[in-house]
Amino acid sequence: MLSVAVVGSGPSGVYTAQALLQQSLVPDVRVQVLDRLPTPYGLVRYGVAPDHEKIKSLQNSLRAVLEDERVTFVGNVGVGGADGVSPARLAELYHAVVYCVGASADRALAVPGEGLPGSYSATRFVSWYSAHPDIGADSFARDALAARSAVVIGVGNVAVDVARILARGAGELRRTDVPRAALRALEESRVREVHIVGRRGPSQARFTTKELRELGALPGARVVVDPTELALDPAYAAPDGLPGALPLPAVVRRNLEVLRGWSVGGGVGAAGDMPGGAPGSADAGRRIRLRFFLRPVELLERGGRVAGVRFARTAPDGAGGVRDTGRYEDVEAQLVLRAVGYRGVELPGLPFDPVRGTVPHAAGRVLRGGVPSPGEYVAGWIKRGPTGVIGSNRSCAKETVASLLADAAALTRRTAADDPLAVLREWGLRPVEWAGWLSIERAEAELGRSLGRGPVKIPDWAGLLAAARDENG
Ligand SMILES: Cc1cc2nc3c(=O)[nH]c(=O)nc-3n(C[C@H](O)[C@H](O)[C@H](O)COP(=O)(O)OP(=O)(O)OC[C@H]3O[C@@H](n4cnc5c(N)ncnc54)[C@H](O)[C@@H]3O)c2cc1C
Ligand SMILES: NC(=O)c1ccc[n+]([C@@H]2O[C@H](COP(=O)([O-])OP(=O)(O)OC[C@H]3O[C@@H](n4cnc5c(N)ncnc54)[C@H](OP(=O)(O)O)[C@@H]3O)[C@@H](O)[C@H]2O)c1
């Protein structure tokens, strides 16, 4: 029998468990999926936007894996932290441990003013509207959403997500599982302008076309694109290819088509007199301005809070990058969300590459001092870095599991605990098992019913653990 712990129940953890179940090299496999949270699914629960119901429903296929009789969900057990279990002790309990802990921190902009009140990472904003229990339900945004103008820095899909949530009427979010305090704050939001700003050009933007198009379909919001910023883009000027380079990737071509559609007759000027806009959104109460070739250099302050962002105007350098032009532009904003990427966090007791923010590995085998460490593996964002959609983690997990299975003969010669859960309890941990999670789900459904909504997320540790203990005892 091969006994494996998977640390992290996000997509990479669940796909790792699934790959272990679906192979036939080692017929008898037991998998325990540990998570520091009492809830499974990682960023599918705490990252994927609440209005993306179809993607959220991927939870159903992840659920089927966690409900397999060879798999045990062990929530509320952190690894590597002060209240958790160390990697060294965990290794005593299982033949192998696969770390799938994601990349939960935000990348810094490293510009003056970044820490001003009113300036937040998108990571924090996402965690707040997703009810992550590490973020106080009321802590975030009532006063931040008193802002009239918001700047979102970065042009990836997370930037598009947070801009859409800011621009979407709270009425529409009522049908989602957004927690009560966040819904209330978004209902009271006075944000009317959302600027999404890229430091390079539209052909280097990281968002995907489906997500981009959604901005144009928001009721009550209008998208504005400055045609002169599109004209600056060399790829845009030569739509069939980067000058002298490869053909334009399809996603870039499609993005450019959408942006051009929005830019027709448009231009960036004073609020209220903008001729350009997405079709079908004539009565727009909110504006989303997509801006390019603006590199943030400083967050501006007034009265001890953020008041705007100073950008250096950039221009294409001909090789996909940009150079500064010596000109600057200030954009007024009382709320700044920095959506410039996520970052892996060092897990004490595991090797870590601070530059890449990942655990060093060879085909998923954790490297200690450059040498594979027996029985330790990684998958997902902590292995590859914080890029890629949910499905990307499936092939990543498969590679790791192939390495683990190739090592299986040696691994099963190591000792493993007969009942690792009992040992974890002896060590003072209080795992929330699957029944506890189902109890949380029931409590969220009940909360929603009492509010005349579908399931509504419980946003705090005490509430989640109380709901779980109803079942766990
Ligand atoms: C805001 C946002 C929105 C996204 N939206 C989409 C989308 O709509 N569609 C799409 O395809 N992709 C989307 N993605 C990408 C997708 O979420 C990721 O590809 C995927 O979640 C990465 O999986 P992972 O398992 O590596 O990490 P995660 O999903 O982050 O899972 C990591 C898990 O490990 C647990 N953990 C962390 N540290 C410890 C520890 N020390 N001990 C125990 N457990 C621990 C965490 O609690 C978490 O459950 C989005 C990403 C973000 C950031
Ligand atoms: N709906 C979905 O499918 C969905 C939703 C959310 C997230 N995701 C996925 O999750 C992953 C993470 O998304 P993400 O948006 O966090 O990351 P991302 O795609 O890497 O985008 C990060 C953005 O930040 C910019 N940036 C980085 N450093 C900067 C700086 N110092 N100043 C200004 N701009 C800076 C980048 O610009 P440069 O390119 O110039 O560096 C880029 O535009 C992606 O793979 C994404 O597709 C998917």
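Counting starts at 1 for both ligands and their atoms, following the listed order.
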Inset, instruction - Could you list the atoms of ligand 1 found under 4.0 angstrom from a heavy atom of Gly42? - result: 29 (O), 31 (O), 48 (C), 49 (O)

Inset, instruction - Answer with yes or no whether the side chains of Ser127 and Asp134 bring together a donor and an acceptor at under 3.5 Å. - result: no

Legend entry - Backbone or side-chain N or O of Arg36 under 3.5 Å from ligand 1 N or O: yes

Legend entry - Any side-chain donor near an acceptor of the partner, Glu214 and His52, under 3.5 Å: yes

Inset, instruction - Could you tell me whether ligand 1 has any atom less than 4.0 Å away from a heavy atom of Thr387? - result: no

Legend entry - Proximal ligand 1 atoms for Asp161, defined as those under 4.0 Å from one of its heavy atoms: 3 (C)

Inset, instruction - Report yes if Trp381 has an N/O atom closer than 3.5 Å to an N/O atom of ligand 1; otherwise report no. - result: yes

Legend entry - Side chain to side chain, Leu335 and Leu166, heavy atoms closer than 4.5 Å: yes

Legend entry - Top protein contact for atom 53 (C) of ligand 1, by heavy-atom distance: Tyr342 CZ, 3.3 Å

Inset, instruction - Ignoring angles and geometry beyond distance, decide whether Gly380 reaches within less than 3.5 Å of ligand 1 through its nitrogen or oxygen atoms. - result: no

Legend entry - Distance from atom 20 (C) of ligand 1 to nearest protein heavy atom, with residue and atom: Asn393 ND2, 3.5 Å

Legend entry - Beyond-backbone contact of Val366 with Pro360, side-chain heavy atoms, under 4.5 angstrom: no

Inset, instruction - Identify, for atom 34 (O) of ligand 1, the protein heavy atom at the shortest distance, and state residue, atom and that distance. - result: Gly8 CA, 3.3 Å

Inset, instruction - Report yes if the side chains of Arg291 and Glu329 come closer than 4.5 Å at any heavy-atom pair, otherwise no. - result: yes

Legend entry - Identity and distance of the protein heavy atom lying nearest atom 9 (N) of ligand 1: Ile55 CG2, 3.6 Å

Inset, instruction - Could you establish whether Gly80 and ligand 1 come within less than 4.0 Å of each other, counting only heavy atoms on the residue side? - result: no

Legend entry - Mode of Val389 contact toward ligand 1 - side chain, backbone, both, neither (heavy atoms, under 4.0 Å): both

Legend entry - Winner among Pro386, Ala339, Gly47 once heavy atoms are compared against atom 2 (C) of ligand 1: Gly47

Inset, instruction - Ignoring hydrogens and angles, state whether a donor on the side chain of Thr400 or Lys383 is under 3.5 Å from an acceptor on the partner side chain. - result: yes

Inset, instruction - Starting from atom 6 (C) of ligand 1, locate the nearest protein heavy atom and write down its residue, its atom name and how far away it is, to 0.1 Å. - result: Val48 CG2, 3.7 Å

Inset, instruction - Indicate whether any N or O donor in one side chain lies under 3.5 Å from an N or O acceptor in the other, for Ser9 and Asp35. - result: yes

Inset, instruction - For atom 50 (C) of ligand 1, state whether the nearest protein heavy atom is under 4.0 Å away. - result: no

Inset, instruction - Check each heavy atom of Asp35 against ligand 1 and say whether those closer than 4.0 Å belong to the side chain, the backbone, both or neither. - result: both

Inset, instruction - Provide, to 0.1 Å, the distance between atom 31 (O) of ligand 1 and the closest protein heavy atom, together with that atom's residue and name. - result: Gly10 CA, 3.5 Å

Inset, instruction - Could you pull out the closest heavy-atom pair between Trp461 and Arg36, with the gap in Å? - result: CH2-O, 3.3 Å

Legend entry - Atom indices of ligand 1, in the order listed, that fall short of 4.0 Å to a heavy atom of Cys100: 32 (C), 33 (C), 34 (O)

Inset, instruction - Report yes if the side chains of Val331 and Val197 come closer than 4.5 Å at any heavy-atom pair, otherwise no. - result: no

Legend entry - Side chains of Ser203 and Asp233, donor plus acceptor under 3.5 Å: yes

Inset, instruction - Can you sort out which atoms of ligand 1 are near Leu37, meaning under 4.0 Å from one of its heavy atoms? - result: 47 (O)

Inset, instruction - Using a strict 4.0 Å cut-off to heavy atoms of Leu347, name the atoms of ligand 1 that fall inside it. - result: 41 (N)

Inset, instruction - Enumerate the atoms of ligand 1 whose separation from the nearest heavy atom of Val77 is less than 4.0 angstrom. - result: 43 (C)

Legend entry - atom 42 (N) of ligand 1 [closest protein heavy-atom partner, distance rounded to 0.1 Å]: Val79 N, 2.9 Å

Legend entry - Note, Tyr99 side chain near Ser12 side chain (heavy atom, < 4.5 Å): no

Inset, instruction - Evaluate the side-chain proximity of Arg286 to Ser189: yes if any heavy-atom separation is below 4.5 Å, no if none is. - result: yes

Legend entry - Gln18 versus Arg394, side-chain donor and acceptor atoms under 3.5 Å: yes

Inset, instruction - Could you verify whether a donor N or O on one side chain and an acceptor N or O on the other, from Asn255 and Thr209, lie under 3.5 Å apart? - result: yes

Legend entry - Pairwise side-chain contact, Glu53 with Thr176, heavy-atom cut-off 4.5 Å (strictly under): yes

Legend entry - Closest protein heavy atom (residue, atom, distance) for atom 23 (O) of ligand 1: Pro11 CD, 3.5 Å

Inset, instruction - Output, in order, the C-alpha distance, side-chain angles, deciding distance and verdict of side chain to side chain contact (heavy atoms under 4.5 Å, CB included) for Leu218 and Arg164. - result: CA-CA 8 Å; Leu218 291 177; Arg164 192 180 68 252; 3.7 Å; yes

Inset, instruction - Would you check whether Gly388 reaches within less than 4.0 Å of ligand 1, judged by its heavy atoms? - result: yes

Inset, instruction - Report yes if the side chains of Trp262 and Leu215 come closer than 4.5 Å at any heavy-atom pair, otherwise no. - result: yes

Inset, instruction - Could you name the protein residues that come within less than 4.0 Å of ligand 2, counting only heavy atoms, and order them by chain and residue number? - result: Arg107, Leu109, Ile153, Gly154, Val155, Gly156, Asn157, Val158, Asp161, Arg199, Arg200, Arg206, Glu211, Pro296, Ala339, Val340, Gly341, Tyr342, Trp381, Pro386, Thr387, Gly388, Val389

Inset, instruction - Please say whether more than 12 non-hydrogen atoms of neighbouring residues, nucleotides or ligands are located less than 6.0 Å from CZ in Arg63. - result: yes

Legend entry - Rounded distance [0.5 Å steps], CG in Leu404 versus OH in Tyr377: 4.5 Å

Legend entry - Heteroatom distance test (Ala103, ligand 1): nitrogen or oxygen, under 3.5 angstrom: no

Inset, instruction - Could you say whether the N/O atoms of Ser12 and ligand 1 ever approach to under 3.5 Å? - result: yes

Legend entry - Closer than 4.0 Å: a protein non-hydrogen atom to atom 14 (N) of ligand 1: no

Legend entry - Part of Leu43 within contact of ligand 1 (heavy atoms, under 4.0 Å): both

Inset, instruction - Look only at interatomic distance and state if Arg384 has a nitrogen or oxygen under 3.5 Å from any nitrogen or oxygen of ligand 1. - result: no

Inset, instruction - Please state whether the rings of Tyr46 and His132 are parallel, tilted or perpendicular, taking 30° and 60° as the class boundaries. - result: tilted

